[in-house]
Undergrad: 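To start, I am sharing the structure in question, which I have written as structure tokens.
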Amino acid sequence: MRLITWNINSVRLRLNTVKRIVKKFQPDVLCLQETKCPDDQFPFKEFEDMGFVSTKIYGMKGYNGVSISSKLPITSTEKKKFCRKNDARHISAYINCKGRKIKVHNFYVPAGGDEPDTKVNKKFKHKLDFLKEAENWFTKKRAKNKDLIVLVGDLNIAPHELDVWSHKQLRNIVSHTQIEIDKLLKFQNSFKFIDAVRFIHGYDKKLYSWWSYRSKDWKKSNRGRRLDHIWISKKLLPHLKDVSIEEEIRGWKRPSDHVPIIVDLDLS
DNA sequence: ATGGTGGTCCTACCA
């Protein structure tokens, strides 16, 4: 099973790009974040034409929004609200693959604003509260849950030193502060998730999945961050075959500021 | 040096 996660930054604006990506990489499952599309305006027909028999969405007007599209049957869907908000930041689905049921969680974690101080910045507080709630949710699930789980999405945190272009210069910048990193790793550990990207590629090289729009030449300056993640439950580890970050897509025409990440799982 | 750019949707908000 091949799964792609991508912060598309508007599904309607980048329909042709997503078609190109699906054609090139042939994913079985596609998880999108920041679809920025109300549910009644989602381009279902175009996703069907790409070969996805099922597309489940949780969208809203203007911001946020997540979706899971699959060429394999989806049996059930859940949309969880965090922090008592209806802000379309999570959707999950069971996907049937070769007689196995895979649970896919797709997250769009709040970005958190600019000031890394919960007292003056309520967006930063929201981000930390969101992570805490996610941690608690998976802690409760851990004891009894036997699912094969893939958790993906734009988690808006670059947890390791080589997940940013300069650890020293970004340690007080939202997305790489110690308090966020601690919260993210606690969330990850709540279900003993494995960071599939680092498992495959190791911890000793810089890896980015996002480059700001606000630079003249993203490639030349290469000031990226690894904000997008693929985590797998321990039971899936024997099935993990490969992970790739498709950097070159940042250089395509009218790009998202994030690039797709691909994971290959052998479920035969 | 406190910008810069790019989304949605109409004026400001979000990243």
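Residue numbers start from 1 in every chain, and the chains themselves are labelled A, B, ... in the order their sequence lines are given, proteins ahead of strands.
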Undergrad: Hey, does the Lys NZ or Arg CZ of A:Lys85 hover above the aromatic six-ring of A:Phe82, less than 6.0 Å from the centre and inside 45° of the axis?
TA: no
Undergrad: Expressed as a whole number of angstroms, how long is the span from A:Glu34:CD to B:dG7:P?
TA: 11 Å
Undergrad: A:Glu34 and A:Asn7: side-chain donor and acceptor closer than 3.5 Å?
TA: yes
Undergrad: Can you check whether A:Arg12 has a side-chain N or O nearer than 4.0 Å to OP1 or OP2 of B:dG7?
TA: no
Undergrad: Choose from B:dT8, B:dT5, B:dA15 the nucleotide whose nearest atom is closest to any side-chain atom of A:Lys36.
TA: B:dT8
Undergrad: Are any of the side-chain nitrogens in A:Lys71 or A:Asp28 under 4.0 Å away from the carboxylate oxygens of its partner?
TA: no
Undergrad: Please state whether the phosphate of B:dT8, meaning OP1 or OP2, lies under 4.0 angstrom from any side-chain nitrogen or oxygen of A:Ser10.
TA: yes
Undergrad: Which residue lies toward the 5' end of DNA chain B, A:Ser215 or A:Gln41, if each is placed at its nearest nucleotide?
TA: A:Ser215
Undergrad: In whole angstrom, give the distance that lies between atom CD1 of A:Ile8 and atom P of B:dT8.
TA: 11 Å
Undergrad: Strictly below 4.0 Å: does A:Arg214 bring a side-chain N or O up to OP1 or OP2 of B:dA15?
TA: no
Undergrad: Would you kindly give the CG-to-C1' distance between A:Asp114 and B:dC13, to the nearest whole Å?
TA: 13 Å
Undergrad: Rounded to whole angstrom, note down the C1' distance from B:dC14 over to B:dC10.
TA: 15 Å
Undergrad: Atom CG of A:Asn156 to atom C1' of B:dA15: distance rounded to whole Å?
TA: 8 Å
Undergrad: Please report, rounded to the nearest Å, how far the C1' atom of B:dA15 is from the CG atom of A:Asp87.
TA: 14 Å
Undergrad: Indicate, with yes or no, if the rings of A:His105 and A:Phe138 have centres closer together than 6.0 Å.
TA: yes
Undergrad: Which whole number of Å gives the distance between the C1' atom of B:dC9 and that of B:dA15?
TA: 15 Å
Undergrad: Just compare B:dA15, B:dC10, B:dC13 and give me whichever is closest to any side-chain atom of A:Lys61.
TA: B:dC10
Undergrad: Using whole Å, report how far CG of A:Leu15 lies from P of B:dT8.
TA: 11 Å
Undergrad: Could you check how far CH2 of A:Trp218 sits from P of B:dA15, rounded to whole Å?
TA: 23 Å
Undergrad: Give the rounded distance in Å between these two atoms: CZ of A:Arg225 and P of B:dA15.
TA: 13 Å
Undergrad: Paired with B:dG4: which nucleotide, if any, by Watson-Crick or G-U wobble criteria at under 3.5 Å for both distances?
TA: none
Undergrad: Between atom NE2 of A:His258 and atom CG of A:Leu227, what is the distance when rounded to the nearest 0.5 Å?
TA: 6.0 Å
Undergrad: Would you mind classifying the nucleic acid contact of A:Lys216 as base, sugar-phosphate or nothing, using non-hydrogen atoms under 4.0 angstrom?
TA: nothing
Undergrad: Select from A:Gly113 and A:Asn9 the residue whose nearest nucleotide in DNA chain B is closer to the 5' end of that strand.
TA: A:Asn9
